[in-house]
Asks: 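Shown below is the structure under consideration.
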Amino acid sequence: MPYRRLSTARGSGDPQQFRITHPFHPKKGQEYELVGFAHTWGEYRVFFRLPGDLRTQSVPADWTDVEEPDAFVTCSAQRSLFRPKDLLELADLLEVLDHQSVRTTTPNV
């Protein structure tokens, strides 16, 4: 995914802001100054600091207004807990786990 200018970007000298939009995130609706945007841990993430905090935090970019809203989430009006993409990834993971042998361990008694 090529870098794109954030939808919340102002003039070139102004800090860029973003808002958390995930419906179940405790900070939904709050706005933060963008510190960074990168592909890490297998997804695009938005990095920010809470006011007065030196520690950098991050959230998935698709939980913010940095990325375009997911079409499924928009169409379902947030009535579904899972996106089709998430369910397909879960099905793939379950298939892999189903084919792996699971050992049970018992403590020495």
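In this chain, residues are counted from 1 in sequence order.
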Asks: Who are the side chain to side chain contact (heavy atoms under 4.5 Å, CB included) partners of His39, not counting sequence neighbours?
Replies: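 Result, side chain to side chain contact (heavy atoms under 4.5 Å, CB included) vs His39: Tyr44.
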Asks: Side-chain heavy atoms nearer than 4.5 Å, only ILVMFWY residues, links allowed to pass through others: does that put Leu87 and Phe24 together?
Replies: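 They do share one cluster, since a chain of ILVMFWY contacts under 4.5 Å joins Leu87 to Phe24.
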Asks: Transitive ILVMFWY cluster of Leu94 at side-chain heavy atoms under 4.5 Å: who else is in it?
Replies: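 ILVMFWY cluster around Leu94 also holds Leu90.
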Asks: So, Thr21 side chain and Trp63 main chain: donor-acceptor pair closer than 3.5 Å or not?
Replies: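 Answer holds: yes.
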Asks: Taking atom CG of Asp62 and atom OG1 of Thr64, what is their separation to the nearest 0.5 Å?
Replies: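 One finds 7.5 Å between CG of Asp62 and OG1 of Thr64.
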Asks: Residues in side-chain hydrogen bond (donor to acceptor under 3.5 Å, both in side chains) with Glu43, at least two apart?
Replies: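 For Glu43, the residues satisfying side-chain hydrogen bond (donor to acceptor under 3.5 Å, both in side chains) (neighbours in sequence not counted) are Arg45.
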Asks: Counting N and O atoms only, with roles assigned by atom type, does the side chain of Arg19 sit under 3.5 Å from a partner on the main chain of Glu31, one being a donor and the other an acceptor?
Replies: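 No.
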Asks: Can you list the residues that meet the side chain to side chain contact (heavy atoms under 4.5 Å, CB included) rule with Asp92, with sequence neighbours excluded?
Replies: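 Per chain and number, Asp92 pairs via side chain to side chain contact (heavy atoms under 4.5 Å, CB included) with no residue.
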Asks: If you take all heavy atoms of Lys27 and His25, which pair is closest and at what distance?
Replies: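 Taking Lys27 first and His25 second, the nearest heavy atoms are N-ND1, 2.9 Å.
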Asks: Checking Gln30 now: which residues fulfil side-chain hydrogen bond (donor to acceptor under 3.5 Å, both in side chains) with it, not counting sequence neighbours?
Replies: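 In terms of side-chain hydrogen bond (donor to acceptor under 3.5 Å, both in side chains), with neighbours along the sequence ignored, Gln30 is linked to Tyr32.
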Asks: Consider only side-chain heavy atoms of I, L, V, M, F, W and Y, link residues closer than 4.5 Å, and tell whether Ile20 and Leu50 are in one cluster.
Replies: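 Looking at the clustering, Leu50 is in the same group as Ile20.
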Asks: Restricting to non-hydrogen atoms, name the atom on Phe37 and the atom on Phe47 that form the minimum distance, rounded to 0.1 Å.
Replies: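 What the structure gives for the nearest pair is N-CD1, 4.3 Å.
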